[in-house]
Amino acid sequence: MKKYVTDAPVLENAAISDGIYRMVLHAEKIALASQPGQFVMVMKPDDSGAFLRRPFGIADADAGAGTVTIIYRLVGKGTRAFAKMKQGELLSVEGPIGHGFTVGAGKTLLVGGGLGIAPLLFLAKSLPEKPVFLIGGRSEKEVFWKELLAPLAEKIYVTTDDGSFGTKGFTTTLLPDVLEKEQPARVVTCGPTVMMKGIAAIVRAAGLPCEVSLEKRMACGIGVCLGCTFLATSGTRKKVCVDGPVFDAKEVFA
Ligand code: FES
């Protein structure tokens with residue numbers, strides 16, 4: 001799989017919610033090569049405090065426009081520096097990296113929580129049939145995702161922990177009903193591990209295939225540092241950066 005490193009100009013960079021930013025970068029070759037579920041490693045060329053690249057799932061790649069979009073949360077020094085970047089400034093971007101989602105025919109149910117919804121946007125755009133979404137968040141503050149998903153979705157189900165929007169509870173609370181109503185051919189999930197584990201168990205019991213996208217701290221992104229490994233159900237150690245980040249749920253959760 002071809003991978004590129006490029007200094008990419010920032011085209012757009014703005015907050016889309018409290019502490020959540022969307023950045024569009026001009027990176028033609030990466031945009032052309034990207035598949036849903038893959039990620040990019042990003043670094044400010046003049047980053048004086050932290051030199052490591054940071055991984056971001058690709059929220060959109062537009063081959064025609066030559067753009068790659070990431071959605072990020074302000075969590076520390078690095079992302080605060082990203083948030084200050086203006087149009088035209090350069091970021092060093094490496095990618096696309098990793099093994100992405102299966103883009104197959106038939107109805108797909110996409111289950112996302114928090115920032116895990118970002119890579120599902122790119123997948124939704126790439127599927128032959130508009131998918132159904134089930135998304136979960138803490139409160140109505142995270143409902144901005146619904147607006148981003150609206151043009152890409154056949155239907156969107158929302159849960160919030162506090163019941164301030166949609167159904168009160170977690171995505172796992174609503175999933176059995178959604179499976180019953182929507183009868184999807186398969187399920188794809190991305191979000192907190194505890195959520196994905198619960199989703200995978202319900203989907204497995206329903207006899208449907210399920211893919212999960214894992215998030216781990218990544219230092220190298222090329223299979224060298226071993227910082228992203230986990231013990232797969234087969235008993236072998238897998239690297240999230242090169243073997244994933246997308247896996248069959250059965251490889252991850254027993
Ligand atoms: Fe270094 Fe995966 S991030 S091996």
Side-chain angles (χ1 to χ4, degrees), residues 1-8 21 23 25 27 29-31 33-61 68-82 90-102 112-123 188-197 200 210-254:
M1 208 177 301
K2 198 98 171 109
K3 186 174 74 171
Y4 304 91
V5 180
T6 185
D7 283 345
Y21 282 69
M23 181 186 276
L25 295 152
K29 287 183 177 162
I30 296 176
S34 293
Q35 302 292 325
Q38 292 185 300
F39 63 96
V40 287
M41 298 284 281
V42 178
M43 180 177 75
K44 266 189 90 177
D46 63 345
D47 196 339
S48 53
F51 290 96
L52 289 179
R53 290 183 183 274
R54 294 174 172 78
F56 296 94
I58 299 170
D60 190 25
V68 172
T69 301
I70 59 172
I71 295 177
Y72 61 97
R73 191 190 298 275
L74 296 189
V75 284
K77 200 165 148 189
T79 45
R80 277 200 298 277
F82 287 170
L90 299 178
L91 269 179
S92 174
V93 183
E94 181 181 359
I97 302 172
H99 170 84
F101 297 113
T102 304
L115 270 195
I117 301 167
L120 299 181
L121 287 162
F122 185 21
L123 175 59
V188 172
T189 182
C190 186
T193 304
V194 62
M195 181 202 88
M196 293 195 293
K197 189 174 182 185
C210 182
E211 282 183 333
V212 299
S213 179
L214 297 188
E215 202 188 330
K216 285 262 180 190
R217 280 187 181 275
M218 290 186 200
C220 72
I222 53 169
V224 174
C225 74
L226 305 183
C228 68
T229 62
F230 72 98
L231 190 63
T233 51
S234 61
T236 55
R237 289 207 82 79
K238 299 259 181 185
K239 296 169 189 165
V240 172
C241 65
V242 291
D243 299 321
V246 175
F247 295 90
D248 186 316
K250 288 193 199 118
E251 283 188 80
V252 181
F253 303 116

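Note that the coordinates shown come from a computational prediction; the quantities given were computed from them, not determined experimentally. Remember, it's 1-based here, ligands and their atoms both numbered in the order they're listed.
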Engineer: Angle at atom 1 (Fe) of ligand 1 between SG of C220 and SG of C225, to 10°?
Structural biologist: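 Angle SG(C220)-atom 1 (Fe) of ligand 1-SG(C225): 110°, rounded to 10°.
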
Engineer: Below 2.8 Å, can you find an N, O or S atom of C228 next to atom 2 (Fe) of ligand 1?
Structural biologist: yes

Engineer: Could you go step by step and tell me if M196 and L214 meet the side-chain contact (heavy atoms from CB on, under 4.5 Å) rule?
Structural biologist: CA-CA 9 Å; M196 293 195 293; L214 297 188; 3.8 Å; yes

Engineer: Considering only non-hydrogen protein atoms, determine which one is nearest to atom 3 (S) of ligand 1 and report residue, atom name and distance to 0.1 Å.
Structural biologist: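 Looking at atom 3 (S) of ligand 1, the protein heavy atom closest to it is G221 N, 3.3 Å.
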
Engineer: Any idea which atoms of ligand 1 are less than 4.0 Å away from a heavy-atom of M218?
Structural biologist: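 Per the distance check, 3 (S).
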
Engineer: Ligand 1 versus V240, non-hydrogen atoms closer than 4.0 Å: side chain, backbone, both, neither?
Structural biologist: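 Within the 4.0 Å criterion, V240 makes no contact with ligand 1.
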
Engineer: In terms of atom number and element, which parts of ligand 1 are under 4.0 angstrom from non-hydrogen atoms of A219?
Structural biologist: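 Listed by number with element: 3 (S).
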
Engineer: Quick check against the 3.5 Å criterion: does S92 have a side-chain atom that pairs as donor or acceptor with the backbone of M43?
Structural biologist: no

Engineer: Can you tell me how far apart CD1 (I58) and CD1 (I71) are? Round to the nearest 0.5 Å.
Structural biologist: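 The distance works out to 12.5 Å.
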
Engineer: Just by modelled atom types, is the V5 backbone N or O under 3.5 Å from a matching donor or acceptor in the E94 side chain?
Structural biologist: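 It does not hold such a pair.
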
Engineer: Is atom 1 (Fe) of ligand 1 under 2.8 Å from any N, O or S atom of C241?
Structural biologist: no

Engineer: Between V224 and ligand 1, find which residue part has any heavy-atom pair under 4.0 Å and reply side chain, backbone, both or neither.
Structural biologist: backbone

Engineer: Short list, please: which atoms of ligand 1 are under 4.0 Å from a heavy atom of L226?
Structural biologist: 1 (Fe), 4 (S)

Engineer: Roughly how far apart are E211 CD and D248 CG, rounded to 0.5 Å?
Structural biologist: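 It is 7.0 Å, given to the nearest 0.5 Å.
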
Engineer: Which of parallel (below 30°), tilted (30 to 60°) and perpendicular (above 60°) describes Y21 and Y72?
Structural biologist: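 Correct class here is parallel.
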
Engineer: Could you tell me which non-hydrogen atom of C225 sits nearest to which non-hydrogen atom of A219, and how far apart they are?
Structural biologist: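 Heavy-atom minimum between the residues: SG-CB, 3.8 Å.
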
Engineer: Out of all atoms in ligand 1, which are within 4.0 Å of some heavy atom of G223? Include the element for each.
Structural biologist: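 This gives 4 (S) as the contact atoms.
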
